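Working notes, beginning with the structure itself.
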Amino acid sequence: QVYLVESGGGLVQAGGSLRLSCAASGSISSFNSMAWYRQAPGNQRELVASITRYYSTNYADSVKGRFTISRDNAKKTVYLQMNSLKPEDTAVYYCNAKTSDVGYWGQGTQVTVSS
């Protein structure tokens, strides 16, 4: 059993900040990579940022310089610090965690950025 519990979503004004957290629990002690995806209405789910267990990171061009992904392996938690938020960042954000064999998804959390 693996559970990914997300928190930190909500409503924020343009230019504001939010910090998303995703804590993993269950039988798997570590993950090769953890990531945040997002899906806006009418759009496909897209990768926002990813981070390996050794802290190598990748970002979508649309968020580079504004978002920062980090992880605490001891806590099995991944974070997404979102600064300078724009209305186009509005989406449901999903946490993903992968071993070498299988991936797991969180339930999704709504982020809404008002103009």
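From a predicted model like this one, the values you see are computed outputs, not experimental measurements. Numbering of residues begins at 1 and proceeds along the displayed sequence.
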Set of side-chain hydrogen bond (donor to acceptor under 3.5 Å, both in side chains) partners for Gln44, sequence neighbours left out:
none
Who passes side chain to side chain contact (heavy atoms under 4.5 Å, CB included) against Val12, sequence neighbours left out?
Leu18, Leu85, Val113
Determine which pairs satisfy salt bridge (charged side-chain N to carboxylate O under 4.0 Å, His left out) with at least one residue from residues 72-82, sequence neighbours left out, and list them in order.
none
Pair listing, disulfide (SG to SG under 2.5 Å) test, anchored in residues 80-115, at least two apart
Cys22-Cys95
Which residues pass the side chain to side chain contact (heavy atoms under 4.5 Å, CB included) test with Thr52, sequence neighbours left out?
Tyr54, Ser56
Suppose clustering is done on Ile, Leu, Val, Met, Phe, Trp and Tyr with side-chain heavy atoms closer than 4.5 Å. Which residues sit in the same group as Tyr79?
none
Not counting sequence neighbours, which residues clear side-chain hydrogen bond (donor to acceptor under 3.5 Å, both in side chains) with Asn58? List them please.
none
So the disulfide (SG to SG under 2.5 Å) pairs with at least one residue in residues 38-71 (sequence neighbours excluded) are none
Qualifying disulfide (SG to SG under 2.5 Å) pairs with a residue from residues 49-81, counting only residues at least two apart or across chains:
none
Could you tell me whether the side chain of Thr90 reaches within less than 4.5 Å of the side chain of Gln110, counting heavy atoms only?
yes
Taking side-chain hydrogen bond (donor to acceptor under 3.5 Å, both in side chains) as the test, write out the residues that go with Tyr55, two or more places apart.
Asn73
Those residues that, when tested against Ser30, pass side-chain hydrogen bond (donor to acceptor under 3.5 Å, both in side chains) (two or more places apart)
Arg53
For Tyr37, ring-ring contact (aromatic ring centres under 6.0 Å, His included) partners two or more places apart
Trp105
